[in-house]
Amino acid sequence: MTGKTIVVTSGKGGVGKTTTVANIGTVLAKKKYSVVMIDADIGLRNLDVVMGLENRIVYNLVDIIEGKCRKQQAMIRDRKLHNLYIIPAAQTREKTSVTPDQMKDLCAELAEEFDYVIIDCPAGIEQGFKNAVAGAQTAIVVTTPEVSAIRDADRVIGLLEAGLLKDIHLIINRLNHRMVKKGDMMSTEDIISLLAVPLLGVVPESEEVVISTNRGTPLVHDRGSKAGVAFQQIAARLNGEDIALDMEQKVTIMDRMKRFIWS
């Protein structure tokens with residue numbers, strides 16, 4: 001049976017795509033699925049750092065594409081989970097080193113070997129974006145409750161739909177519940193109504209995310225973390241499990257924000 005191929009994207013940089021990939025991949029591997037995560041951000045790789053595997057890199061994504069190594073030679077096994085791997089991006093090459101068709105072929109090959117293939121998409125909507133989404137069956141769009149991030153997410157969703165990728169889901173990252181209640185931040189319902197794609201989950205703002213990233217250990221290994229629990233629930237929903245969504249009470253600043261986003 002062919003595995004699922006998922007791209008995690010956003011348009012805007014710095015919203016938490018790589019952290020999302022690392023944590024979702026780790027949760028699915030802990031559920032005993034075989035998982036490979038691909039860093040498609042050629043020139044600016046970060047997934048290896050978030051996973052704490054930066055010192056193990058020998059080959060990379062471009063080396064596989066150019067036939068300089070076999071897929072297995074470029075895959076780096078996780079330190080804790082034997083069924084979790086990453087394929088790092090090349091730091092010294094251009095995004096044009098890989099074409100969408102090459103990425104599509106690689107993802108198809110990996111999907112024959114793994115239950116989940118998760119692609120970490122670079123920021124922007126240029127060549128790197130086209131490469132990352134080419135082989136995906138499902139897209140996860142990550143946004144934060146900021147006007148610029150939501151605007152970019154809306155643009156990416158439009159491009160995904162125009163490319164006939166219809167299975168699109170949303171993750172809202174770094175939501176500050178206190179600010180939402182005060183009316184100083186867009187609520188979950190506000191963002192969903194603007195972007196109009198199904199919500200996969202909400203990750204609360206937490207300094208634990210920064211700490212885990214700096215340590216090179218995905219947050220889901222910490223059982224006491226609220227953000228970690230959010231990522232666990234997101235991965236479970238992605239896996240088809242029936243996990244209820246915790247919708248925030250709507251405290252709207254919708255009209256004011258709409259003027260900024262689409263004016």
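Both backbone and side-chain heavy atoms feed into the values below; hydrogens, waters and symmetry mates do not.
Evaluation of the ring pair (Phe, Tyr, Trp, His ring centres under 6.0 Å) rule for Y33 yields Y116 as partners, not counting sequence neighbours. Scored by the ring pair (Phe, Tyr, Trp, His ring centres under 6.0 Å) test, F129 finds no partners at all (sequence neighbours excluded).
For E207, the CD atom is loosely surrounded, since the number of other residues' heavy atoms within 6.0 Å does not exceed 12. Around the CD atom of E94, the shell of radius 6.0 Å holds no more than 12 heavy atoms that belong to other residues, nucleotides or ligands. Counting non-hydrogen atoms of other residues, nucleotides and ligands closer than 6.0 Å to NZ of K32 gives a total of 12 or fewer.
Judged by distance alone, the side chain of R237 and the main-chain N or O of A244 form a donor-acceptor pair under 3.5 Å. A distance-only check finds no donor-acceptor pair linking the side chain of D63 to the backbone of K68 [under 3.5 Å]. No side-chain donor-acceptor contact under 3.5 Å links N60 to the backbone of P88. Checked by atom type and distance alone, the side chain of D41 never pairs as donor or acceptor with a backbone atom of A123 at under 3.5 Å. Side chain of N23 to backbone of L219: a donor-acceptor contact under 3.5 angstrom is found. In this structure a side-chain-to-backbone donor-acceptor pair under 3.5 Å is missing from T144 to N173. A donor-acceptor pair is defined here as one N or O able to donate and one able to accept, closer than 3.5 Å; such a pair exists between the side chain of K95 and the backbone of I42. The backbone N or O of V117 lies less than 3.5 Å from no partner atom in the side chain of K4, so there is not a single donor-acceptor pair. Although no hydrogens or angles enter the test, the distance criterion places a donor-acceptor pair under 3.5 Å between the side chain of N131 and the main chain of V98.
In terms of hydrophobic clustering, with Ile, Leu, Val, Met, Phe, Trp and Tyr side chains grouped at heavy-atom distances under 4.5 Å, I76 and I64 are assigned to different clusters. Tracing side-chain contacts under 4.5 Å through hydrophobic residues (I, L, V, M, F, W, Y), one never reaches I65 starting from L47; they form parts of separate clusters. Grouping the Ile, Leu, Val, Met, Phe, Trp and Tyr side chains by contacts below 4.5 angstrom, directly or via other members, places V197 with L175. If you chain together hydrophobic residues whose side chains sit under 4.5 Å apart, L200 and V8 fall into the same group. Residue L170 is grouped with residue L165 when hydrophobic side chains (ILVMFWY) are merged at heavy-atom distances under 4.5 angstrom, including chains of intermediate members.
The shortest heavy-atom contact between R77 and H82 is NE-O, 3.3 Å.
When L199, V141, I24, T143 are each tested for a side chain to side chain contact (heavy atoms under 4.5 Å, CB included) with I171, only one passes: I24. Of the candidates I140, I168, L160, T9 forms a side chain to side chain contact (heavy atoms under 4.5 Å, CB included) with just one, namely L160.
D115 and S34 are linked by a side-chain donor-acceptor pair at a separation below 3.5 angstrom, with hydrogens and angles left out of the test.
Contact of the Q91 side chain with the I57 side chain is not registered, since no non-hydrogen atoms from C-beta on lie closer than 4.5 Å.
Using a 4.0 Å cut-off between a side-chain N of Lys or Arg and a carboxylate O of Asp or Glu, E109 and K71 qualify as a salt bridge.
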